[in-house]
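Encoded as structure tokens, the structure appears first; notes follow it.
Reminder, nothing fancy here: chain letters follow the sequence lines and each chain counts from 1.
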Amino acid sequence: MSKNKLLLIDGNSIAFRAFYAVQNYESFKTKTGLHTNAVLFFNNMLESILERESPTHVLIAFDAGKTTFRHGFFTDYKAGRSKTPGEFKEQMPYIRELIEAQGIKHYELMDYEADDIIGTMAKREANENCEVVIVSGDKDLTQLADDHIRVEVTSRGVSELVTYTPDFIQEKYGLKPLQIIDMKGLAGDSSDNIPGVTKVGEKTALKLLHEYGSVEGVYENIDELKKSKMKENLINDREQAFLSKKLATIDTDSPIEVEMSSLAYSGKDLDKLVPFYREMEFKQLLSKLDTSGMTGESETTEEIKFELVTSSSDITADMFSDEMSFYVEFLDKNYHNADIVGIAWGDTDKLFVVPGDEALHSTVLKEWLEDETKVKNVYDAKANYVLLNRYNIQLQGVKFDSLLGAYLIDTNDKSEDLADLAFNHEYFALETDETVYGKGAKLAIPEETVLADHLARKAKALTVLTPQLMEKLADKEQSDLFFEMELPLSKVLADMEIAGITVNAQRLQEMKQEFAIRLADIEKNIFEQAGEEFNLNSPKQLGVILFEKMGLPVIKKTKTGYSTAVDVLEQLKEQAPIVEDILTYRQIAKIQSTYVEGLLKVIHHDGKVHTRYVQTLTQTGRLSSVDPNLQNIPVRLEEGRKIRQAFIPRDPDWQIFSSDYSQIELRVLADIAKDQHMQDAFKEGQDIHTSTAMRVFGVPTPEEVTGNIRRQAKAVNFGIVYGISDYGLSQNLGISRQEAQTFIDKYFEKYPDIKTYMEEIVREAKDKGYVETLWHRRRYLPDINARNFNIRSFAERTAINTPIQGSAADILKIAMIEMAKRLKAEKMAATMLLQVHDELVFEAPKSEIPKLEALVKEVMENAVSLSVPLKVDSSTGNTWYEAK
DNA sequence: ATGATCACG
DNA sequence: ACGTACGTGATCATG
């Protein structure tokens, strides 16, 4: 009969070590906010020890209850321990679940510690035919070491183990294993609150034990000792020494009801472990699991079969079926001018790859792509529309977009690479683009077969991911959000991006000359006042001039030095005229570099700028705009606003038309908070800030609301939408925190339903781990139960703000889809060009403007039905500047 | 790559 | 007591 090997693990001590294996456990969290660091490191430690030892039997022992038999004779046993963090406690049930999924038994016994279970099992089972290995984070267990029992103690977290055999203990301490107990008797153990003898530590204890062998030996020969303080302490603490020894002695005869045969280890329980890893979001571990033996699981490594087509004339109709995945590869993020590296399409039965843009010259492919009845499942539909449009192909029949779907399921899942996305959804047979193409200067397209394999795998991944993602969307009630809102929107956005907006480069050139002269002028002025030349664009150098050379008071500091931000400079401008000039310089320099020069750089050959709306980025559901960002073109200050003069219609006979929602976020708030007062104000068409001013500040009539009071009310309304704090409001209004708090108190008194909404939404977020918009757009808030006040507060404000900002974003998206539909139905020439969060910008022939105005108003105001009316303001002009 | 600053809703 | 408003992107300087 072959020899057995029993592995005994001290569950509590390893779990504790695992928890502290990393400094920052906040980064190990599931999207619902559950910490997983201890589970993860426990798992890793367990797997490495199982691999190293190959045990035939395994048991993991835990402490049971708060007290043990040791408390019976020493109430302060283990007292004074700082209480275990909640982040650790919450993980203990999951560690037990992990152990079960790993196919291992765990055991605990009332009134006994894990040590006693281990000690009893070890002494009971260890013999010639059974080797015992004990693993703990605690050296106490080394007392059990003998010829058949080896004790492994973790060091450096849980990554390394130190082996304690009798020989090793002899070498290290000059003691036999059982004398470890005597050492504790004399030296004590602060972590378990074992007292030991006063002033006796490990060194003294060792000296005594080398001489007298045991605690008993020391006291039998106590008279031999020379008179000393130590001798006095030994005599005084005699009782304590024996008690300490008793406390440190592991009970090797505890009443354990575990049969060796029940501990037989036969490997992981994959049917439990896979779902468990998924719950813990251990993606790396999942990818390493060999799930081939599991029912319904795909294999981790797979050969992929595909047909490489190198000539467009070889593309034939029989290569297409009614539903297929379709993938277009391009490496330049800006798909408005990116080259196509290759395309791939296929389904579960077959895959086809064509390198380069060869395929796009195939009429067979074009016909399939443009056939609405042929279903395509893609990755980044919007990019596909834009890219194919450049080849005169009007893509139709897109049913699913994995990028868009994954984003809706979890907005944090911002996988720019299909491989990352696939990985996050447990599909592993795909390399990342960085691996295949390299990055930076090393970016290169590999040889044809390697490229083709990669692209085939992408198409294959889409085939696997599509049904999975669709199911996840359905589970979250997000099918309508996807199919009715986001996917149709991707086509609308593609058309807007393709349309582009015409920019008057000449106007920008004029401005550039003008600003250059002014900047040089101001710069000269500043250098004269400073008495030296320096880099005005460097906050660091500017800080030295202002706060060191000129001795101005430091109002605010940043991580790296003095703050020279606007609000700081505003406060300093009375004290030195240079500050006013710096502010002017900053303002003009910003306009010049970001807008004048920036825009000139991105004008295409068609005289237009073509932004890209990023549909899968923001946490709230808003769009973002890049290359160039057309959602932050200056408007507030006249100087910058002039930039808008450069945005013109495509034809002199056309005009720019702009419509924006009035107070959409506050209207959404009035609706979702069900606040009657706020709803009434909107229904009656009142100015909302004036209405707020009247209620909060007790002004009887609208006429008596002064500009200043309205300004304050407006700031309070903004604050409410952002998840108000007294500090934030005080900063915004330049008032004291106390005054700001008074405003907030009064506001909540007058709008109790708003207060209730805020409390409810935060409670809901804490409960569910996420918040939702009116159209089920979801944002997870893992920090909502954080112990750190700042982190938690931030998540609470986010919980308040996201449904408001996100629902408003949803409304504009719905309006955009309807608007595109209506423009087409009415066969209008008018074109939707830009979206700026609550505003839509069009260009249209002058003659069409009246019709457009009526249509846009109707569509936007009736896009959705809330308990308050939606209102839009519109304007027309020969440039965007004039359409205000 | 990161932080500071400043443009927008 | 804690130290902040919510959501973005581009540019410049600097490590």
May I ask you to say what [X] touches in the nucleic acid, namely base, sugar-phosphate or nothing, with a heavy-atom cut-off under 4.0 Å?
X       : answer
Q541(A) : sugar-phosphate
R636(A) : base
N788(A) : nothing
V614(A) : nothing
G598(A) : sugar-phosphate
N629(A) : sugar-phosphate
L623(A) : nothing
N732(A) : base
A799(A) : nothing
T798(A) : sugar-phosphate
V721(A) : nothing
E665(A) : nothing
L617(A) : sugar-phosphate

Taking the [atom1] atom in each of [N] and [M], what is the distance between them to the nearest angstrom?
N      : M      : atom1 : result
dC2(C) : dC6(B) : P     : 28 Å
dG3(C) : dA7(B) : C1'   : 26 Å
dA4(B) : dT4(C) : P     : 12 Å

Please give, in whole Å, the distance from [N] [atom2] to [X] [atom1]?
X       : N       : atom1 : atom2 : answer
D783(A) : dT4(C)  : CG    : P     : 16 Å
Q835(A) : dT8(C)  : CD    : C1'   : 12 Å
N801(A) : dC6(C)  : CG    : C1'   : 4 Å
H837(A) : dG7(C)  : NE2   : C1'   : 7 Å
K557(A) : dA4(B)  : NZ    : P     : 12 Å
K333(A) : dA10(C) : NZ    : P     : 10 Å

Item to complete: Using a cut-off of strictly less than 4.0 Å, decide whether S563(A) has a side-chain nitrogen or oxygen near OP1 or OP2 of dA4(B).
Response: no

Discussion item. Please tell me if S624(A) has a side-chain N or O lying less than 4.0 Å from either OP1 or OP2 of dG7(C).
Written reply: no

[X], nearest nucleotide to its side chain (from [options]):
X       : options                 : answer
V635(A) : dC2(C), dG9(C), dG9(B)  : dG9(B)
F794(A) : dA5(C), dC6(B), dC6(C)  : dC6(C)
T620(A) : dG7(C), dT5(B), dA13(C) : dG7(C)
I724(A) : dA4(B), dA5(C), dA10(C) : dA5(C)
T594(A) : dT11(C), dC8(B), dC2(C) : dT11(C)

Worksheet item: Have D417(A) and T432(A) got a donor and an acceptor in their side chains that come within less than 3.5 Å?
Response: no

Discussion item. When you compare the side chains of Q571(A) and D567(A), does any donor N or O come within less than 3.5 Å of an acceptor on the partner?
Written reply: no

Side-chain donor/acceptor contact of [X] with base of [N] under 3.5 Å:
X       : N      : result
S725(A) : dT4(C) : yes
R797(A) : dT4(C) : yes
R737(A) : dG3(C) : yes
Q805(A) : dC6(C) : yes

Would you mind checking if [Y] and [X] are paired as a salt bridge, meaning a charged N to carboxylate O distance below 4.0 Å?
X       : Y       : result
D627(A) : K333(A) : no
E639(A) : K642(A) : no
R763(A) : E760(A) : yes

Worksheet item: Knowing that exactly one of Q619(A), H837(A), R622(A) qualifies, which makes a side-chain contact (heavy atoms from CB on, under 4.5 Å) with Q805(A)?
Response: R622(A)

Practice prompt. Select from R622(A) and D627(A) the residue whose nearest nucleotide in DNA chain C is closer to the 5' end of that strand.
Written response: R622(A)

Worksheet entry | side-chain hydrogen bond (donor to acceptor under 3.5 Å, both in side chains) between Y770(A) and K31(A), intermediate numbers included | CA-CA 9 Å; Y770(A) 63 86; K31(A) 58 175 176 281; over 6 Å; no

